[in-house]
Asker: 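Pasting in a structure now, in structure tokens, and then I'll have a few things to ask.
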Amino acid sequence: MSLLSAMDISTRGLSCERLRMELVAQNIANVDTTKTNGEGPYKRKVAVFKEALQTELNVNKNTDNFNGNGVEVFKIVEDNADPIMVYDPEHPDANQEGFVLKPNINLANEIIDSITASRAYGANVTVLNATKALALKALTIGRG
Amino acid sequence: MGFKIDHTFQVLEASLNGSTARQNIIAHNISNVNTPGFKQFLVNFEDQLNDSLINTKLPLKITSSKHISNGDNDLKVTRDTSPGRADGNNVNLETEMTAMVKNDIYFNAALNQINKKIAIKKYAISDGRG
């Protein structure tokens, strides 16, 4: 276990939070998308995070039971909540009653998600910088 | 007397190792701050180090007296099983950040001690003229 592995752990945290931010951007950009390759309107996408553990091969023998290795994206799922119905008979995608199916995106949820992701990203950056400071300090051993 | 003698270096080395492990654990906890159901890791290597000092055991495991130990010692890590937030995650960001700052200071303190110790050895080698 080294300080460099701590930096790797923080890096994994950073990329996962960035992915979450990308999904928020994707969701907000598609807030009015009524056509997709599949059926129906765009569906909200959510990242599912999972704790990453070291594999048997590189598990650290010095620490009895710490085998943490940061975080990973388990999968990206689609939110299956019902689409929002908007009455707009002129719309080309309107059904026979005149309703258009709009994506199941709640802007408030997305904004909250982006704030959480941004804060978590910042926390990981802070840890990364602190670890870097420790590693650089360790390089001064023997110079004093 | 001579050069071997005290265990200062070994103890300080064990402190640095423990501090490094703690930094890893804090990084792991913080990177999982948004993982539902995640339970944070806890570590307290100071108590273990203290125990081994009180029992006058070296904090280092050496399987043969001919081996030079690299200073690695077993570190006990536990999971905090408290329920935490609604999504089952129990990482407390504030506590972790404070732990990290403390760890930073601790690491620097141990490192300064090592450097000071080396300086003393150098001074002794140079017969007090260095």
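Convention: sequence-line order gives letters A, B, ...; per-chain numbering from 1.
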Asker: Restricting to non-hydrogen atoms, name the atom on A/G68 and the atom on B/H28 that form the minimum distance, rounded to 0.1 Å.
Answerer: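 The pair with the smallest heavy-atom distance is CA-CE1, 3.3 Å.
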
Asker: Chain B heavy atoms under 4.5 Å from A/A138: which part of the residue, side chain, backbone, both or neither?
Answerer: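 Answer is both: backbone and side chain atoms of A/A138 are under 4.5 Å from chain B.
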
Asker: Counting heavy-atom pairs closer than 4.5 Å to chain B, which one of A/N124, A/I9, A/L134 comes out on top?
Answerer: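 Top count of heavy-atom pairs under 4.5 Å with chain B: A/L134.
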
Asker: Is A/L4 close to chain B through its backbone or its side chain, or both, or neither, when contacts mean heavy atoms under 4.5 Å?
Answerer: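 Nothing of A/L4, per the 4.5 Å heavy-atom cut-off to chain B.
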
Asker: With the side chain counted from C-beta on, respond yes when B/I118 and A/I141 share a heavy-atom pair under 4.5 Å apart, and no when they do not.
Answerer: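 Yes - at least one pair of side-chain heavy atoms lies under 4.5 Å apart.
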
Asker: Which pair of non-hydrogen atoms, one from A/V127 and one from B/I30, has the smallest distance, and what is that distance?
Answerer: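 That would be CG2-CD1, 3.4 Å.
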
Asker: Determine, using the 4.5 Å side-chain heavy-atom cutoff (strictly less than), whether A/V71 and A/I76 are members of one ILVMFWY cluster.
Answerer: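 Result: yes, single cluster for both.
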
Asker: Can you give me the closest heavy-atom contact between B/N32 and A/K50, atom names plus distance?
Answerer: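 Shortest heavy-atom separation between B/N32 and A/K50 comes out as OD1-O, 4.2 Å.
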
Asker: Would a single hydrophobic cluster contain both B/F38 and A/L53, if residues Ile, Leu, Val, Met, Phe, Trp and Tyr are joined by side-chain heavy-atom contacts under 4.5 Å?
Answerer: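 No, because A/L53 and B/F38 fall into different hydrophobic clusters, even though each may have its own neighbours under 4.5 Å.
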
Asker: Give the member of A/A123, A/C16, A/A135, A/A133 that has the highest number of heavy-atom pairs under 4.5 Å with chain B.
Answerer: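 Counting heavy-atom pairs under 4.5 Å, the top option is A/A123.
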
Asker: Under 4.5 Å from any heavy atom of chain A, what part of B/N112 do you find: side chain, backbone, both or neither?
Answerer: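 Interface part for B/N112: side chain.
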
Asker: Please rank B/V101, B/L16, B/V33, B/N108 by heavy-atom pairs under 4.5 Å with chain A and give me the top one.
Answerer: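 Most heavy-atom pairs under 4.5 Å with chain A: B/N108.
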
Asker: In the structure I gave you, are the side-chain heavy atoms of B/I25 and A/F66 within less than 4.5 Å of one another anywhere?
Answerer: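 Yes, close enough: below the 4.5 Å cut-off.
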
Asker: Verify whether one side chain among B/T35 and A/E51 offers a donor that lies under 3.5 Å from an acceptor in the other.
Answerer: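 Side-chain D/A pair, B/T35 to A/E51: absent.
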
Asker: Please confirm whether the backbone N or O of A/S2 pairs with a side-chain atom of B/N24, one donor and one acceptor, at under 3.5 Å?
Answerer: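 Yes, the answer is positive, given that a donor and an acceptor are paired below the 3.5 Å cut-off.
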
Asker: Between atom CG of B/N115 and atom OG1 of A/T140, what is the distance when rounded to the nearest 0.5 Å?
Answerer: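 The CG atom of B/N115 sits 5.0 Å away from the OG1 atom of A/T140.
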
Asker: Please report the closest heavy-atom contact between A/A6 and B/A27, naming both atoms and the distance.
Answerer: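 Answer, listing the atom of A/A6 first, then B/A27: O-CB, 3.7 Å.
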
Asker: Hydrophobic clusters here meaning ILVMFWY residues chained together by side-chain heavy-atom distances under 4.5 Å, can you tell me if B/I114 and A/L3 are in one?
Answerer: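 Yes, B/I114 and A/L3 fall within the same hydrophobic cluster.
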
Asker: Considering only heavy atoms, which portion of A/R119 lies under 4.5 Å from any heavy atom of chain B: side chain, backbone, both, or neither?
Answerer: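 The answer is neither part of A/R119.
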
Asker: Would a hydrophobic clustering, with Ile, Leu, Val, Met, Phe, Trp and Tyr connected at side-chain separations under 4.5 Å, put B/M97 with B/V91?
Answerer: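 B/M97 and B/V91: one cluster.
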
Asker: Is A/L23 reachable from A/V31 through a run of I, L, V, M, F, W or Y residues, each pair having side-chain heavy atoms under 4.5 Å apart?
Answerer: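 No, it is not one cluster - the side chains of A/V31 and A/L23 are not joined through contacts under 4.5 Å.
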
Asker: Given that the side chain runs from C-beta out, which part of A/E72 has a heavy atom under 4.5 Å from chain B: side chain, backbone, both or neither?
Answerer: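 Neither part.
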
Asker: Which bit of A/T11 comes within less than 4.5 Å of chain B, counting heavy atoms only: side chain, backbone, both or neither?
Answerer: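 When you check distances to chain B, no heavy atom of A/T11 falls under 4.5 Å.
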
Asker: Quick check: closest heavy atoms across B/S31 and A/G70, and the distance to 0.1 Å?
Answerer: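 Looking at all heavy atoms of both residues, the shortest contact is OG-CA, 3.4 Å.
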
Asker: Specify the closest pair of heavy atoms between A/K137 and B/L111, including all atoms of both residues, with the distance to one decimal.
Answerer: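 Nearest pair, atom of A/K137 first, then B/L111: O-CD2, 2.9 Å.
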
